[in-house]
Amino acid sequence: MKGKRIEDADFNETGYSYTLSLISGKYKPVILYCLMEYEPVRFNEMQRYLQKVADKTLSQNLKELEADDLIMRKVYPQIPPKVEYSLTERGHSLVKVLDKLCDWGNENRK
């Protein structure tokens, strides 16, 4: 026994909860993985990588990741517009976590 009591616990105050709040969802972990492997990535490339994701859904997820300072959006002043996404320094700090998820998946895949 570790001496902790569940009655006194608040999951929302844990680092685990905070991390999940930033990267949870159907697409955010995949977006981060894609950028970890292939950055920089353009919107259309990301959409092809994710396959059946709607423009609006991808755009919303990218905006949320950008607001959380995990990714950055670079707009090039040209026509047609060119926009690339890449990881921020904070986003790169998640690479170790994502790598561990990949390792676990590779070791436990049937």
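Just so it is clear, the values below take in all heavy atoms, side chains as well, and ignore hydrogens, waters and symmetry mates. From a predicted model like this one, the values you see are computed outputs, not experimental measurements.
A distance-only check finds no donor-acceptor pair linking the side chain of Ser59 to the backbone of Lys56 [under 3.5 Å]. Not a single donor-acceptor pair under 3.5 Å links the side chain of Asp68 to the backbone N or O of Leu70.
No single ILVMFWY cluster, assembled from side-chain heavy atoms under 4.5 Å apart, contains both Leu20 and Leu101. Note on Tyr33: it clusters hydrophobically with Leu87, by side-chain heavy-atom contacts below 4.5 Å among ILVMFWY residues.
For the atom pair Leu35 CG and Ser86 OG, the distance stands at 7.0 Å (nearest 0.5 Å). Residue Leu32 holds its CG atom at 10.5 Å from CD of Glu39, rounded to the nearest 0.5 Å. Here the straight-line distance linking atom CZ of Arg73 with atom OG1 of Thr88 works out to 15.5 Å at 0.5 Å rounding. Separation of atoms CZ (Arg48) and CD (Glu45) is listed at 6.0 Å; rounding is to 0.5 Å. Remark: Glu37 CD to Leu98 CG distance equals 9.5 Å, nearest 0.5 Å. From Lys28, atom NZ reaches atom CG of Leu62 across 10.0 Å, with rounding to the nearest 0.5 Å.
Taking the side chain as every heavy atom from C-beta outward, Leu58 and Tyr27 never approach each other to under 4.5 Å. Within the 4.5 Å cutoff, side-chain heavy atoms of Met46 are placed close to those of Cys34. For the pair Arg90/Leu22, a side-chain contact is recorded, criterion being any heavy-atom separation below 4.5 Å from C-beta on. At least one side-chain heavy atom of Tyr49 sits under 4.5 Å from a side-chain heavy atom of Val30. Inter-residue side-chain proximity for Asp55 and Gln47 is flagged as met; some heavy-atom pair is nearer than 4.5 Å. Side-chain contact between Ser17 and Thr14 is present, with heavy atoms from C-beta onward closer than 4.5 Å. Looking at Arg42 and Val83, their side chains never come closer than 4.5 Å, going by heavy atoms from C-beta outward. The closest side-chain heavy-atom distance from Met36 to Leu94 is not below 4.5 Å.
When the shell of 6.0 Å around OH of Tyr16 is examined, it contains 12 or fewer heavy atoms from other residues, nucleotides or ligands. Within 6.0 Å of atom CD in Gln51, 12 or fewer heavy atoms from other residues, nucleotides or ligands are found, so the atom counts as exposed in its surroundings. More than 12 heavy atoms of other residues, nucleotides or ligands lie within 6.0 Å of NZ in Lys82, so this atom counts as buried by the packing criterion.
Within the structure, ring pair (Phe, Tyr, Trp, His ring centres under 6.0 Å) pairs that include any residue of residues 70-110 do not occur (at least two apart or interchain).
Ion pair Arg5/Asp8 flagged as a salt bridge, since at least one NZ, NE, NH1 or NH2 atom sits closer than 4.0 Å to an Asp/Glu carboxylate oxygen.
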